[in-house]
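For reference, the structure discussed in these notes is given below.
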There are 2 protein chains.
Amino acid sequence: MISQTAEYALRAMVHLASCSLDTGSQTTQQIAEATHVPVGYLSKVLQALNRGGLLTSQRGLGGGFSLNRAPETITVYEIVQEIAPVQRIHTCPLGLEAHQTQLCPLHRKLDQIAAQLEEAYRETTLAMLLDGNPTVFSQAIPSSEPQCRALGLP
Amino acid sequence: MISQTAEYALRAMVHLASCSLDTGSQTTQQIAEATHVPVGYLSKVLQALNRGGLLTSQRGLGGGFSLNRAPETITVYEIVQEIAPVQRIHTCPLGLEAHQTQLCPLHRKLDQIAAQLEEAYRETTLAMLLDGNPTVFSQAIPSSEPQCRALGLP
DNA sequence: AGATAATTAGATAAAGATATCCAATTTAGG
DNA sequence: CCTAAATTGGATATCTTTATCTAATTATCT
């Protein structure tokens, strides 16, 4: 349903959302360890999210990535759309002239379903994906390892 | 949202459904021309649908493929499931022990959306994808070229 | 039985998604 | 101003999906 790359992007964004309350920015390394995503690949994904205006990046010592807006205002739709957009069917995949004005029933239905999928993504904000229990985000972290509290990592 | 292969499978099934009323079976060649799918590749797709019990095949002279059941009883879900199943999320993609019993909010939500997608496929039968107007299927075809009336081809 | 038409199966090629690695650039701090 | 830390970008490798081609098998009709 969603590509591996989009899954990585969502993990990273949820993690950054969970960090946005206390810590400032996170390095690619930290995000990679917290979300179990290959660091080299994650780097590309974060760059794409940055270009899309969802993140802000800071180079140099003490730099890293952080959310550009509040988690309540960022939707799954925006993230997915930046990485691997939902393919709507606006013109006939067979390239038929006759179907340019109106798609055949099959493609009309498939596009309806794609629209429904888009809608589901649009309705979901990052804030909704943080663990409901607020204490989870305020309690101290015993380990020195990078954590992903939103994903509930040990 | 759906793979190219699944799209091909759906086209072929809709075409066969539209043919199921008058003509009997259709050869791979005929289906390929009607649906604009590469014939060599379509062959593999039809084999898969056949193994899945959605089609019946007949070898030899006068053979070909035809639907195994009535179009009203075959759903898009069955077809998609045979070719490129919707990936539900039952276990944590990160392989975390702690998430085996309960997924984190992100993956819970993604699975909910996958379930909604499955449901949309389940609700759609092949019969619904035939052109609503019954006259389309009873009128004579002027050309000698293979036709795809369900897809509204010229 | 033989010829023809059709599916089946295997090997292989091309394209796109996923992943890795390394050099270049930027920035903060001593 | 120099060093360490961090992002950025380019080149490249691997895997999966998509697609092609060819030989083998099966079935029908004359």
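We name chains A, B, ... by the order of the sequence lines, and we start the count at 1 in each one. Keep in mind that the numbers below use all heavy atoms, side chains included, and drop hydrogens, waters and symmetry copies.
The B/Ser57 side chain lies nearest to C/dT7 when the options are D/dC29, C/dT7, C/dT27. Looking at the side chain of A/Asn50, the nearest of the listed nucleotides C/dA19, D/dT20, D/dT8 is D/dT8. Comparing D/dT18, D/dT28, C/dT7 by their closest approach to the side chain of B/Gln58 singles out D/dT28. When distances are taken from the side chain of B/Gln47 to each of C/dT18, D/dA19, C/dT8, the shortest belongs to C/dT8. Distances from the side chain of A/Lys44 to the nucleotides C/dA9, C/dT27, D/dG10 place D/dG10 closest. Distance from the side chain of B/Gln4 is smallest for D/dA19 among the nucleotides C/dA5, D/dT8, D/dA19.
Here A/Thr28 reaches the OP1 or OP2 of D/dT7: one of its side-chain N or O atoms lies under 4.0 Å away. Put simply, A/Ser3 has no side-chain N or O that comes within less than 4.0 Å of OP1 or OP2 on C/dA17.
Looking at residues two or more places apart in sequence or on another chain, you find a salt bridge (charged side-chain N to carboxylate O under 4.0 Å, His left out) between B/Arg69 and B/Glu78.
With rounding to whole Å, B/Phe65 atom CZ is found 14 Å from C/dA5 atom C1'. Distance B/Gln87 CD to D/dT16 P: 13 Å, rounded to the nearest Å. Straight-line distance from the CG atom of A/Leu61 to the C1' atom of C/dT25: 15 Å, rounded to whole Å. Between the P atom of C/dT18 and the CZ atom of A/Arg11 lies a distance of 13 Å, rounded to the nearest Å. Computed from coordinates, the B/Leu46 CG to C/dA9 C1' distance equals 15 Å when rounded to whole Å. Between the OH atom of B/Tyr41 and the P atom of C/dA15 there is a distance of 15 Å, rounded to whole Å. Taking atom CD of residue A/Gln30 and atom C1' of nucleotide D/dA5, one finds them 12 Å apart after rounding to whole Å. Atoms CG (A/Leu55) and C1' (D/dT8) sit 14 Å apart, rounded to a whole Å.
When atom types are taken as modelled, the side chain of A/Thr124 and the backbone of A/Ala120 share a donor-acceptor pair closer than 3.5 angstrom. With A/Arg108 contributing its side chain and A/Leu103 its backbone, the two residues share a donor-acceptor pair below 3.5 Å.
Nearest approach of A/Val86 to A/Gln81, heavy atoms of both residues: N-OE1, 3.6 Å. Taking every heavy atom of both residues into account, A/Ile83 and A/Ala48 meet most closely at CD1-CB, 4.0 Å.
Across all strands, A/Ser43 comes closer than 4.0 Å to base atoms (heavy-atom distances).
Residue order along DNA chain D, read from the 5' end via each residue's closest nucleotide, puts B/Gly40 first among B/Gly63 and B/Gly40. Along DNA chain C, the nucleotide nearest to A/Gly60 and the one nearest to A/Tyr8 differ in position, and the one closer to the 5' end is contacted by A/Tyr8.
The base of D/dT25 sits with one of its N or O atoms less than 3.5 Å from a complementary donor or acceptor on the side chain of B/Arg59.
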